[in-house]
Enquirer: 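Pasting a structure here, questions to come.
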Number of protein chains: 2
Amino acid sequence: MSDIVKDSLPAIPETAFGDSGAETGTADSRAEIGTAHKQKTRIQITNEAKILEAALEVFSKDGFRGATLDRIATAAEMSKPNLLYYFSSKEDIHIALLTKLLDLWLAPLRNLRADGDPREELSLYIQHKLQMSRQLPRESRLFANEVLRGAQHIGPLLKENLYDLVNEKAAIIQSWIDAGKLAPCDPRHVIFAIWATTQHYADFDVQIRSVLRRDDDDQSHYADAEQFLTTLFMGQLVKD
Amino acid sequence: MSDIVKDSLPAIPETAFGDSGAETGTADSRAEIGTAHKQKTRIQITNEAKILEAALEVFSKDGFRGATLDRIATAAEMSKPNLLYYFSSKEDIHIALLTKLLDLWLAPLRNLRADGDPREELSLYIQHKLQMSRQLPRESRLFANEVLRGAQHIGPLLKENLYDLVNEKAAIIQSWIDAGKLAPCDPRHVIFAIWATTQHYADFDVQIRSVLRRDDDDQSHYADAEQFLTTLFMGQLVKD
DNA sequence: TAACATTTTTACCGGCTGGTCAAATATTCA
DNA sequence: TGAATATTTGACCAGCCGGTAAAAATGTTA
């Protein structure tokens, strides 16, 4: 494993919860009702974090429809009605979770710099995304589940935030193409390909482990993946 | 679109059902009980096909847990008990469907020839896989859903059939590496990368359409995808 | 057509699901 | 402390879920 490179990447937080930030979406949690934002209680903060952590665990495993409030409540170590005291519905939890994690999920792409070297920027992006697949597989599967189902809960977010971000960064890649540093192509497909290849290692984990005969806690193939993907995207796979 | 290339690829059947072949799995359908294989009735054949087609539609949209027997029955234009006359349980339908489609799904990889030119063989594989994403997105999402959930119903198939096939084809790629035609790497990651990038266009369809602002029936981006992926895997993306 | 096998339907069931309600308990703060 | 507020709980519900049983209807074949 390339620890040197790993250290050079932005740190990925162990838990994405516990930070501030208001809920969004269709239904506000009880504490958010009213026009004025009331100060959150200590208990509120910790319990909402516990619920979102539990929801991440359950939703990422079973998908939205497969998940049950009972299981989330059990995982959060509280009763179901108590859970519904903090979030008004199952949908509400799911939307809050996705919304809160979307920024974290898109952070690597945000780091793509126009003034950097194309090779270095793309390599860093791949490494960062791969690191997230390894360290945050639940988040990856959460989004995979949601998008597979047609993005019924974050459709608007995709059409606004994601659209803007991708096209902003695609412009950077386009400038590299214009400078003759990349082959002419729709730069958005470059981004798609990096998403696909890196997230694949989290989303299709079981399949990969079946083919590679890797135990559940064995992550040694990530080093191979990083080297291979770098080679692939740097145009050094096929030789003349 | 490259119709020339498309025509050169093996035809993909409109419907994968209606062919012969016994069910496998834990629970046999009613008609399969007993040691001797009874001849299937006309009605049996058509109804089982209708059920599997309906199940593909529903399972690929909602996943296993999100799908309901009522919805499958409605889609198959029959009553729920009638449906359960042909398949003994929801699980039974799901397993029968996955088992029956697995061969179709792996066909492109089976076509990889050792005696072909690496560039040509890989290009063909990418094109064939991409064509399947475009024409059989439901099948793609069916498998994506199943693997995301930990492959609880086709775990054994992955550890046997898929393992064997991938490693057999990986040996071919390895021979190309040994011949100096490809950069040294674990050839199984080459296969993973092709799976990931091509299936991404079916599994993350909504996301892609959000970013590209494509209507539901607009598939024009597949041409771009094919050209880009070919460029990528042929090592012509990044220039010196 | 009569005897038989196959297919379909109607009625039903227990368990789980998301969610409600009111009462009980814990916490905060004047 | 005590009143006000925030939190937790247990009891409950209507609707949906996968699945069953048995009879009715349909098809097959001698």
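Computed over heavy atoms, backbone and side chain alike; hydrogens, waters and symmetry mates excluded. Naming convention: chains lettered A, B, ... in sequence-line order (proteins, then strands); numbering from 1 in each chain. For clarity, every value in this text was computed on a predicted model and none was experimentally measured.
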Enquirer: In this structure, how many angstroms lie between the P atom of dT7(C) and the CZ atom of Phe87(B), rounded?
Expert: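 So the CZ-P distance, Phe87(B) to dT7(C), works out to 13 Å.
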Enquirer: Walk me through it: do Lys90(B) and Phe64(B) pass the test side chain to side chain contact (heavy atoms under 4.5 Å, CB included)?
Expert: CA-CA 9 Å; Lys90(B) 185 183 172 184; Phe64(B) 178 73; 3.8 Å; yes
Enquirer: For Tyr85(B) and dA21(D), what is the distance between atoms OH and C1' respectively, to the nearest whole Å?
Expert: 15 Å
Enquirer: Using whole Å, what does the distance between atom P of nucleotide dT28(D) and atom CD of Gln44(B) come to?
Expert: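 Going from Gln44(B) (CD) to dT28(D) (P), I get 12 Å.
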Enquirer: Is the backbone of Gln44(B) close enough, under 3.5 Å, to the side chain of Thr41(B) for a donor and an acceptor to pair up by distance?
Expert: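 Side chain of Thr41(B) to backbone of Gln44(B): no pair is present.
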Enquirer: Are the side chains of His221(A) and Arg209(A) in contact, using a 4.5 Å heavy-atom criterion?
Expert: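 A side-chain contact under 4.5 Å exists here.
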Enquirer: Could you state the CG-P distance from Asn82(B) to dG27(D), rounded to the nearest angstrom?
Expert: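 Spelled out: CG on Asn82(B) to P on dG27(D) is 13 Å.
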Enquirer: Can a side chain N or O of Tyr86(A) be found less than 4.0 Å away from OP1 or OP2 on dT8(D)?
Expert: yes
Enquirer: Is a donor on one side and an acceptor on the other found under 3.5 Å between the side chain of Glu146(B) and the backbone of Gln152(B)?
Expert: yes
Enquirer: Quick one, give me the B/S/- string for nucleotides 15-30 of chain C, reading 5' to 3', where B means a protein heavy atom under 4.0 Å from the base and S means that only happens at the primed atoms, P, OP1 or OP2.
Expert: --SBBBB------S--
Enquirer: Can you tell me if Asn47(A) touches the phosphate of dT8(D), counting only side-chain N or O atoms and a distance under 4.0 Å to OP1 or OP2?
Expert: yes
Enquirer: Is any side-chain nitrogen or oxygen of Ser79(B) closer than 4.0 Å to OP1 or OP2 of dT9(C)?
Expert: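 Yes, Ser79(B) has a side-chain N/O under 4.0 Å of OP1/OP2 on dT9(C).
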Enquirer: Could Arg138(A) and Glu53(A) be called an ion pair, given the rule that one side-chain N must be under 4.0 Å from one carboxylate O?
Expert: yes
Enquirer: Quick one: Glu48(B) CD to dT6(C) C1', roughly how many Å, whole number?
Expert: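 Result: 13 Å.
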Enquirer: Taking atom C1' of dT9(D) as reference, at what distance in whole Å does atom CG of Leu83(A) sit?
Expert: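 Those two atoms, CG and C1', are 14 Å apart.
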Enquirer: List for me each residue that meets side chain to side chain contact (heavy atoms under 4.5 Å, CB included) alongside Ser79(A), sequence neighbours excluded, and say none if there are none.
Expert: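 Per chain and number, Ser79(A) pairs via side chain to side chain contact (heavy atoms under 4.5 Å, CB included) with Pro81(A), Asn82(A).
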Enquirer: What is the distance, to the nearest angstrom, from the NZ atom on Lys40(B) to the P atom on dT6(C)?
Expert: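 After rounding, the reported distance stands at 14 Å.
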Enquirer: Can you sort out the partners of Leu106(B) under side chain to side chain contact (heavy atoms under 4.5 Å, CB included), two or more places apart, ordered by chain and number?
Expert: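 With neighbours one apart ignored, the set is Leu102(B), Arg110(B), Leu162(B), Leu165(B).
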Enquirer: How many whole angstroms separate atom CE of Met78(A) from atom C1' of dA6(D)?
Expert: 14 Å
